K.L.:
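Have a look at this one before I ask anything.
Values reported hereafter were calculated over all heavy atoms of this structure, with side chains retained and with hydrogens, waters and symmetry mates removed. Predicted model only: the values in this text are computed from it and were never measured.
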Amino acid sequence: MTPSVPVAGLRAAAGRRPKIQVSVVLSMLLLAFVAVCALLPGVVAPGSTQQDILLGVNGPGIAGHLLGTDTLGRDILRLTLGGTPSAIAGPLVIAFGSMIAGLLLGTLAGYHGGLLDALIARWADLLLALPAVLLAVVVAGIFSGGYWMTVAVLIVLFSPSDIRLIRGAVMEQKTQPYIESAKVLRMPAWRIMYRQILPNVIPVAVANVMLNIAFAIVAMSSLSYLGLGVGPGSPDWGRQLSDGQNILAANPAAIIAPGVMIVATATAINIVGDWLFERLTARAASR
């Protein structure tokens with residue numbers, strides 16, 4: 001499963017004043033471009049799935065096709081840019097859906113403890129013990145695959161790490177003096193959990209969401225490569241990797257282009273996630 005940000009890193013990061021580095025700026029620019037491609041695929045890459053079977057496979061540099069074409073005569077560059085929505089939408093839903101489950105269940109388990117904590121913790125441990133990608137393949141295969149079915153399965157499989165992360169952060173916060181003061185004032189438990197404790201674990205949650213988006217991009221691309229994501233012929237980075245392996249010798253760009261987009265986007269998300277974590281931690285420490 002996905003690794004999580006250690007809670008102990010909060011105090012270490014709080015003593016540093018984060019600065020914007022060149023890598024962060026470049027990562028933000030790349031993510032802005034990816035966001036535009038995801039929101040406006042018809043503008044950025046019009047006709048991304050347009051076929052010209054008579055044209056067939058061509059290497060980079062052919063007139064009108066910077067990165068060449070695939071077996072169906074589709075332009076590789078436009079196909080890659082046009083595959084951004086399916087490559088990004090699912091991972092975003094996975095990461096935020098998983099974190100919502102983590103915030104709800106992790107906060108309940110960490111604050112109340114006892115039997116409720118034991119049940120939620122054992123459930124998380126059970127899911128963490130399962131091979132995530134293999135289980136996603138089996139479940140998606142049983143229910144005839146499909147893009148959103150795969151997304152739903154991955155939300156469940158990603159949630160245990162978020163539950164344990166938030167649970168640990170809440171357990172650390174509930175021993176702080178401000179929580180004792182809230183209890184003395186007879187503040188309701190739900191208000192203590194979600195109005196007092198939750199804002200102080202947001203830096204960890206945001207950083208882990210960014211990590212989960214990056215891991216989900218790789219996971220969804222892997223499942224699409226295996227045929228469990230988008231349907232045949234649909235623009236998607238993972239599907240492109242699967243289709244392009246047969247024409248690797250004739251046009252290496254058919255695999256290189258989507259592969260570079262997967263790696264570059266996941267790396268940029270991790271870099272921006274680390275920067276956000278430091279910024280939010282420093283802001284929380286200054287309050």
Side-chain angles (χ1 to χ4, degrees), residues 18 20-51 60-62 64-70 72-99 147-148 150-151 154-155 206-225 229-231 233-244 251 253-277 279-280:
I20 298 182
Q21 300 175 345
V22 175
S23 60
V24 176
V25 175
L26 293 177
S27 297
M28 288 181 175
L29 291 175
L30 174 60
L31 294 182
F33 174 71
V34 170
V36 171
C37 292
L39 294 173
L40 303 171
V43 176
V44 178
S48 59
T49 58
Q50 184 176 351
Q51 301 179 9
I62 185 175
H65 304 282
L66 182 63
L67 298 182
T69 57
D70 65 2
L72 299 176
R74 297 177 296 181
D75 182 86
I76 296 298
L77 178 58
R78 282 186 291 178
L79 188 63
T80 302
L81 297 179
T84 306
S86 63
I88 297 299
L92 287 175
V93 174
I94 291 169
F96 283 100
S98 173
M99 182 49 65
Y147 184 83
W148 292 110
T150 303
V151 168
L154 289 178
I155 288 175
V206 170
N208 210 55
V209 164
M210 299 297 284
L211 284 176
N212 280 343
I213 293 173
F215 283 109
I217 288 174
V218 176
M220 284 295 295
S221 297
S222 301
L223 293 172
S224 292
Y225 176 84
V230 300
S234 301
D236 180 85
W237 297 342
R239 174 64 65 173
Q240 275 187 265
L241 292 176
S242 178
D243 296 340
N251 186 6
I255 283 183
I256 293 176
V260 167
M261 288 299 295
I262 292 171
V263 173
T265 303
T267 302
I269 290 172
N270 280 331
I271 292 174
V272 174
D274 289 341
W275 177 78
L276 282 175
F277 174 70
R279 292 279 295 183
L280 292 173

K.L.:
With sequence neighbours excluded, what pairs up with Ser242 under the side-chain contact (heavy atoms from CB on, under 4.5 Å) test?
P.N.:
Tyr225, Gln245
K.L.:
Can you run down the salt bridge (charged side-chain N to carboxylate O under 4.0 Å, His left out) pairs that involve residues 77-87, sequence neighbours left out, and say none if there aren't any?
P.N.:
Asp75-Arg78
K.L.:
If you compare all heavy atoms of Pro85 against all heavy atoms of Gly82, which two are closest, and at what distance to 0.1 Å?
P.N.:
CD-O, 3.2 Å
K.L.:
Using side-chain heavy atoms (C-beta onward) and a distance below 4.5 Å, is Asp243 in contact with Leu72?
P.N.:
no
K.L.:
Quick one, Pro41 and Leu81 - any side-chain contact, counting heavy atoms below 4.5 Å?
P.N.:
no
K.L.:
Does the side chain of Ile94 reach to within under 4.5 Å of the side chain of Phe215, using non-hydrogen atoms?
P.N.:
no
K.L.:
Would you mind reporting whether Ile271 and Gln21 have side-chain heavy atoms less than 4.5 Å apart?
P.N.:
no
K.L.:
Just to verify, which of Thr267, Val272, Asp274 counts as forming a side-chain contact (heavy atoms from CB on, under 4.5 Å) with Ser27?
P.N.:
Val272
K.L.:
Just to verify, what does Val25 make a side-chain contact (heavy atoms from CB on, under 4.5 Å) with, not counting sequence neighbours?
P.N.:
Ile20, Leu29
K.L.:
When you compare the side chain of Met220 with that of Trp237, does any pair of heavy atoms fall below 4.5 Å?
P.N.:
no
K.L.:
Nearest heavy-atom pair of Ile62 and Gly68: which atoms, and what distance?
P.N.:
CG2-CA, 4.1 Å
K.L.:
Kindly compute the distance separating CG (Asn212) from CZ (Phe96), expressed to the nearest 0.5 Å.
P.N.:
10.0 Å
K.L.:
Are any of the side-chain heavy atoms of His65 and Ile76 separated by less than 4.5 Å?
P.N.:
no
K.L.:
For Ser86, check side-chain hydrogen bond (donor to acceptor under 3.5 Å, both in side chains) against everything at least two apart and list the hits.
P.N.:
Asp236
K.L.:
Please name the residue in the list Thr84, Val218, Leu31 that meets the side-chain contact (heavy atoms from CB on, under 4.5 Å) test with Thr265.
P.N.:
Leu31
K.L.:
Provide the closest heavy-atom pair for Ala268 versus Leu30 in the form atom of the first, atom of the second, distance.
P.N.:
CB-CD2, 3.9 Å
K.L.:
Got a second to check how far Ile155's CD1 is from Thr150's OG1, nearest 0.5 Å?
P.N.:
11.0 Å
K.L.:
Once rounded to the nearest 0.5 Å, what's the spacing between atom CG of Leu223 and atom OH of Tyr147?
P.N.:
11.0 Å
K.L.:
Does Asp70 reach the main-chain N or O of Gly244 with its side chain, forming a donor-acceptor pair under 3.5 Å?
P.N.:
no
K.L.:
Could you tell me the separation between the CD1 atom of Ile88 and the SG atom of Cys37, rounded to the nearest 0.5 Å?
P.N.:
9.5 Å
K.L.:
Test of understanding: with side-chain hydrogen bond (donor to acceptor under 3.5 Å, both in side chains), list the residues that count as partners of Arg239, not counting sequence neighbours.
P.N.:
none
K.L.:
Taking side chain as C-beta onward, heavy atoms only, is Leu241 less than 4.5 Å from Ile262?
P.N.:
yes
K.L.:
List in chain and number order the residues that pass side-chain hydrogen bond (donor to acceptor under 3.5 Å, both in side chains) with Thr80, two or more places apart in sequence or in another chain; answer none if no residue qualifies.
P.N.:
Gln240
K.L.:
Considering non-hydrogen atoms only, spot the tightest contact between Gln51 and Arg74 and give its length.
P.N.:
CG-CG, 3.9 Å
K.L.:
Looking at Ala253 and Pro258, what are the two nearest heavy atoms and their distance?
P.N.:
O-CD, 4.0 Å
K.L.:
Atom OG1 of Thr69 and atom CG of Leu79: how far apart are they, to the nearest 0.5 Å?
P.N.:
11.0 Å
K.L.:
Are Ile217 and Ile269 side-chain neighbours, meaning at least one heavy-atom pair lies under 4.5 Å?
P.N.:
yes
